[in-house]
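Per chain, numbering begins at 1; letters A, B, ... match sequence-line order.
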There are 2 protein chains.
Amino acid sequence: MPSSSKARKPDISLSNCGYSKVLDIISNKWTALVIYAMENGKIRYGEVLRRVEGISKKMLTQTVRKLERDGLVQRHITPTVPPSVEYSLTPLGETLLQPMKELRQWGRVNYDQVVESRASYDSAYATDSRGADSMNEI
Amino acid sequence: MPSSSKARKPDISLSNCGYSKVLDIISNKWTALVIYAMENGKIRYGEVLRRVEGISKKMLTQTVRKLERDGLVQRHITPTVPPSVEYSLTPLGETLLQPMKELRQWGRVNYDQVVESRASYDSAYATDSRGADSMNEI
DNA sequence: CGGAATCCTCTCTGATACTG
DNA sequence: CAGTATCAGAGAGGATTCCG
């Protein structure tokens, strides 16, 4: 066996990392919010549009299509007039809900610390190129 | 409380969602991989560069700076010649490691199903010969 | 060794308007 | 109601070069 003290080859890569694969699925701006809108069962397109603040029809459609393609969401079409389309999580989609909730929980608990850290970092590395001591804004 | 049968106001928004906040931190392409490089303790800049396959110096610096600003990573400078810089997770960063691992685990277990789903979706909706999709694996 | 600065491309996202 | 189509802007990411 090589007992060389160095010689380490790359062992962390995008293609072998499960986390990166998940990011490929849920790192979009709206994906998580849309999934949350479905966590209590079937919900109509327009209802999601109303419940998820700020999302546009274009982005909702795009998000929901991708989730459907990935097998996380199902589409139920009722060909009435006007048409009614409902969405719900697939069993696979439900399994994703759990780890997502844990990450969400982390955010709820710790995000304030992150915000604080950013503030102190920014004041330490004072982007302020001239005011050497205090903040002489305006 | 209003017992009206409808009238639901948006209750899912980017600003109140802990998950979206976390995405703000770790949804970048390299962030997770860089964090994984540090999960066993202090590691030098160049060592991260070698271990994380495909990352450039620019992206590593950018990623690590953001993590430092967010309070998830610490920088240890040893002013030798040439300089030596080591990085490690902060206690806050370590707490993030856990939920990330669960998501990574989900990816390891379920990503194949997602890939399958994509394939069947694409063949079902086969828009002429437009397979100009994303090829991830090699 | 560990960056910073520059340039450039490509994807994501948003606004707007039209349709079955 | 549930989309589609089109255009435009912002920013993430990459390649290259230079520096203490």
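Remark: the backbone N or O of B:Trp106 is not paired with any side-chain donor or acceptor of B:Tyr111 at under 3.5 angstrom.
D:dG11 atom C1' lies 10 Å from atom CD of B:Gln62, rounded to whole Å. Going from atom CE of B:Met59 over to atom P of D:dG11 covers 15 Å, rounded to whole Å. Remark: C1' of D:dC1 and CG of A:Leu49 are 11 Å apart, rounded to the nearest angstrom. Rounded to whole angstrom, the span from the NZ atom of A:Lys29 across to the P atom of D:dA12 amounts to 12 Å. Look at CG on A:Asp24: it is 14 Å from C1' on C:dC12, rounded to the nearest Å. Between B:Arg44 atom CZ and C:dC1 atom P there is a gap of 8 Å when expressed in whole angstrom units.
Residue whose closest nucleotide on DNA chain D sits further toward the 5' end, between A:Arg65 and A:Leu14: A:Arg65.
Annotation: cation-pi geometry not satisfied between A:Arg65 and B:Tyr125 (NZ/CZ under 6.0 angstrom from ring centroid, within 45° of ring axis).
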Report summary line: With B for base contact, S for sugar-phosphate-only contact and - for none (protein heavy atoms under 4.0 Å), nucleotides 15-20 of chain C reads B----B
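If you check every strand for non-hydrogen atoms under 4.0 Å, A:Ser84 touches sugar and phosphate atoms only.
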Requested in this report: Under the side chain to side chain donor-acceptor pair (under 3.5 Å) rule, what do A:Tyr45 and A:Ser84 come out as? Steps first, then yes or no, please.
Outcome: CA-CA 8 Å; A:Tyr45 180 91; A:Ser84 165; over 6 Å; no
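Closest to the side chain of A:Arg50, out of C:dA4, D:dC1, C:dG14, is D:dC1.
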